[in-house]
Amino acid sequence: MYSSIISIAMNGMNGYPVRVETDVSPGLPDFSMVGFLSSEVKEARERVRTALRNSGFALLPKKITVNLAPADIRKEGTAYDLALAVSLLAANEVIPQDRAEGIVFIGELALNGALRPVHGILPRVCCAKEAGLTTCFLPYENRREGAVVDGMRIIGIKDLCEAVHLLTSPGEQVPEICPAREILEQSRTYAVDFSEVNGQYGMKRAAETAAAGMHNLLLIGSPGSGKSMIARRIPTILPGLTWEECLAVSKVYSVAGLLSDKQPLIIHRPFRAPHHTISTAALVGGGRIPRPGEISLADRGVLFLDELPEFQKNTLEVLRQPMEDRQVMIARVGGSSSFPADTMVVAAMNPCRCGYYPDRSRCQCTIADVRKYLSRISRPLLDRMDLCVEAPPVGYSDFSTPAGSGERSAAIRERVEQARKIQQERFREENIFFNSQMQPKHVNRYCRLGVRGEKIMKEIFETKKLSARAYHRLLKVARTLADLSGEAEISEAHLIEAAEYRSLEEKYWG
Amino acid sequence: MGMTDRELRYRISLMHSVGPVTFRKLKDFYGNAARIWNSESPALTASQLTEWRLFHTAVKEKELKEGYTRLMNTASYRFVIPEDPDYPAPLKNISDPPVGLYVKGILPASSKPAAAIVGSRACSEYGKHQALRIAGDLADAGVGIVSGLAAGIDSFGHRGALDRNGYTVAVLGNGIDRCYPVTNLNLYERIAEKGAVISEYPPGTPGKPMYFPRRNRIISGLADLVIVIEAKKRSGSLITVERALEQGKDVMAVPGRIGDLLSEGCLSLIRQGAGIVTCTEDILFAMGIQAEKQKDRHKSSGKADLSAEELAVLQHMSTDPVHPDRLCEQLDMAPGSIYMILFRLENAGFVRSAGPGLYART
């Protein structure tokens with residue numbers, strides 16, 4: 001007897017349907033699996049056979065051949081166990097083949113026949129939907145994650161016996177309902193808010209500007225000056241996730257295995273703050289089976305790099321390409337996978353090793369020490385940081401006044417959304433979305449200065465001793481400032497404020 | 001064998017163990033160059049004698065001859081000895097004058113007054129500002145600035161003078177063909193062009209800790225007065241002060257705040273009787289230079305031209321660096337407007353940028 005059951009395999013962020021074919025024919029008893037399988041897929045033979053026996057199904061002593069098609073793509077992971085078991089049962093005529101038609105089976109089997117959750121449910125279910133399938137049998141713990149996808153019947157099952165029962169008596173299948181859109185609409189609140197930050201006017205303003213134009217932001221200040229506090233609140237002033245964005249972000253988390261029964265969907269803008277000892281692969285993604293790194297987990301949110309100079313130099317350099325392309329390509333012999341990396345990088349650092357430069361009564365570092373510390377961040381990386389702002393040293397009055405007196409995140413978010421709307425309108429016919437993505441040709445087109453603007457620009461360059469490299473960056477930031485105030489023309493005030501956010505190098509050694 | 005005084009001095013300058021004091025003794029005893037070279041003075045110590053003999057081998061002789069020819073033909077620096085007309089006269093009066101000077105640029109004219117500016121390598125924003133200002137004002141009054149091209153106060157002293165088209169001399173503690181620290185390369189080249197870079201060490205000598213204190217006597221020797229800006233309790237600048245006092249030069253110190261580590265050296269100098277610098281006129285007075293009424297070169301216009309907002313910001317500022325956030329808080333204004341006002345004030349010369357993200361009144 002022959003049977004064919006559908007499961008979904010993963011390659012990076014994308015799923016593709018896999019047919020698990022089983023043939024049971026007379027001959028010497030044997031069980032062989034083909035189809036370019038990695039060792040964990042080959043081991044499924046033992047798991048499935050034992051799980052079947054422990055669930056009360058005996059395999060006939062015949063020649064069993066299993067093929068996972070397409071047979072020329074390498075299969076990895078343990079998500080085929082359920083499909084394999086169902087396929088065997090169908091081939092042994094325990095389940096009628098037509099009942100399993102059009103159903104996707106995903107899940108790992110325990111030896112006692114129980115189903116275990118697997119990673120990447122969300123993209124797999126999305127793929128099933130695209131392939132025109134309507135029903136998915138998923139492990140019970142994964143059911144809510146799968147139910148997020150509209151128009152799919154998701155059946156969460158606890159063990160193999162339940163699966164067989166539901167397949168033989170289809171009337172009892174109860175699809176899982178996850179009111180995902182409602183969850184998204186209702187839980188817009190964040191645990192933190194900008195109103196909790198006292199003072200720090202400069203940093204707050206820079207954070208708002210960075211959020212409006214998706215500029216990368218560098219915060220410099222002594223320990224305890226509130227850099228991380230500001231960074232943690234940046235997601236709260238970014239516009240809320242749309243449904244499509246929400247799905248895109250959740251897919252990455254699904255692949256990384258970070259979604260759970262309790263949190264089947266990521267509804268807030270991600271905020272990722274990896275420790276500075278992080279490895280290159282963990283930051284940008286990698287591994288034998290490519291997995292998304294922190295930069296992809298921060299997709300459409302904020303990647304916060306605290307203590308920037310303490311990161312390994314090559315780890316930071318690897319960030320350059322994804323920051324530019326807004327995606328990560330990981331190439332392996334078996335093919336390449338791409339992960340999204342549309343993230344706003346916020347970095348924080350001390351001005352020197354002890355953290356108090358230029359306060360000479362506390363900082364004992366020599367100028368050479370300070371230079372050495374700051375030079376750990378390469379120039380190409382610094383060039384990608386559009387805004388650079390210093391935290392003032394904290395005084396007593398800053399924490400003695402009660403928190404909550406500042407502006408609320410919601411009010412700031414409104415301005416950011418307004419500025420983003422203007423940008424959307426402006427770049428309608430370009431393939432970019434934000435001011436920070438402008439190339440020189442866009443800058444020339446959209447950041448024209450009047451005669452007066454040119455004059456001020458010249459004055460700024462002389463007074464602040466700016467380098468030519470600062471020119472485009474300054475204009476891009478000024479454009480965002482103008483958008484924030486809803487003005488079509490870049491004015492003198494915008495240019496001067498943008499110059500205040502000039503690069504670290506010009507501030508320290510200019 | 002007719003060896004010139006210049007060639008002898010060149011050869012001696014290459015010796016590590018024979019320094020200015022021994023050379024003076026030899027000169028006093030033998031007088032003429034050939035006799036000095038050809039005799040083994042009993043005044044030489046054992047280690048000096050070993051090196052002396054090493055310099056008198058046939059192989060070395062050839063090398064020295066070639067080296068001297070090269071020195072005479074190179075255009076990048078000169079070897080100046082006391083017989084030369086432009087040799088700085090004040091150096092002839094110190095007890096251990098350099099055997100010879102390797103020079104890049106134009107040596108100071110003896111008739112021109114000169115002041116040394118020395119201080120901490122890890123200076124504060126205050127020290128930087130004072131060094132730039134004092135050096136600039138002195139340069140305007142025609143006073144040359146002598147310093148050691150080190151990081152910190154030294155380099156700001158040189159820069160202050162150069163920025164106002166003044167004259168400045170850098171005395172190196174390493175070979176003339178090297179720049180230490182390398183971050184001052186740009187400054188080194190500017191000084192070589194507009195002033196002079198000098199060293200008593202032969203080209204190729206790397207900077208070593210023991211060389212720097214020795215060159216300090218040349219810094220104080222070239223100057224009529226030594227100004228100390230920011231020094232810790234045990235600072236290299238205080239060696240320059242000692243040398244200056246031995247040479248009978250005046251010492252003045254720029255006071256700092258009590259309690260700051262970088263003020264300790266200067267404050268203790270003042271307690272010991274060094275002159276106190278409260279403004280550039282104090283220095284000019286001490287040097288006996290008729291101080292013209294220094295007009296504030298920055299302030300192109302009076303305060304009358306400032307708007308009410310600008311005046312308010314200015315009133316909340318002092319010469320201590322302040323972060324714009326403080327001004328936002330005190331004046332209840334948005335950061336954008338504060339940046340704008342600060343920029344206008346900076347352009348008009350009332351405010352200066354005082355370190356990363358900080359501003360102060362001029």
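These values consider heavy atoms only, across backbone and side chains, with no hydrogens, waters or symmetry-generated copies. Only a predicted model underlies this, so the values are computations on that prediction, with no experimental measurement involved. Throughout, protein chains are lettered first and strands after them, A, B, ... in sequence-line order, and every chain is numbered starting at 1.
Ring orientation note: the planes of Tyr501(A) and Tyr339(B) are nearly perpendicular, at an angle over 60° on the 30°/60° scale.
A salt bridge links Arg376(A) with Glu310(A): at least one charged nitrogen is closer than 4.0 Å to a carboxylate oxygen. Salt-bridge check for Arg502(A) with Asp386(A): failed, with every basic side-chain N at 4.0 Å or more from each acidic carboxylate O.
Applying the salt bridge (charged side-chain N to carboxylate O under 4.0 Å, His left out) definition to pairs two or more places apart or across chains, those involving residues 334-346 of chain B are Lys464(A)-Glu346(B), Glu310(B)-Arg344(B).
Every residue was checked against the salt bridge (charged side-chain N to carboxylate O under 4.0 Å, His left out) condition with Arg420(A), not counting sequence neighbours, and none meets it.
Contacts of Leu481(A) with chain B are absent, with no heavy-atom separation under 4.5 Å from either backbone or side chain. Looking at Cys365(A), the atoms closer than 4.5 Å to chain B (heavy atoms on both sides) all sit in the backbone: N, CA, C or O. Using a 4.5 Å cut-off between heavy atoms, Glu459(A) contacts chain B through both its backbone and its side chain. Proximity to chain B (any heavy atom under 4.5 Å) is restricted, for Ala391(A), to the backbone atoms N, CA, C and O. Of the atoms belonging to Ser337(B), not a single heavy atom falls under 4.5 Å from chain A. Interface residue Pro335(B): only side-chain heavy atoms are found under 4.5 Å from chain A. If you measure heavy-atom distances from Leu358(B) to chain A, the contacts under 4.5 Å come from the side chain alone.
How far SG of Cys352(A) is from CG of Leu374(A): 8.0 Å, rounded to the nearest 0.5 Å.
Among the candidates Gln418(A), Arg415(A), His494(A), the single residue satisfying the side-chain hydrogen bond (donor to acceptor under 3.5 Å, both in side chains) test with Ser485(A) is His494(A).
Between chain A and the residues Gly357(B), Ala122(B), Ser124(B), Pro356(B), the largest count of heavy-atom pairs under 4.5 Å involves Pro356(B). Here Cys123(B) is the residue among Ser353(B), Ser263(B), Pro181(B), Cys123(B) with the most heavy-atom pairs under 4.5 Å with chain A.
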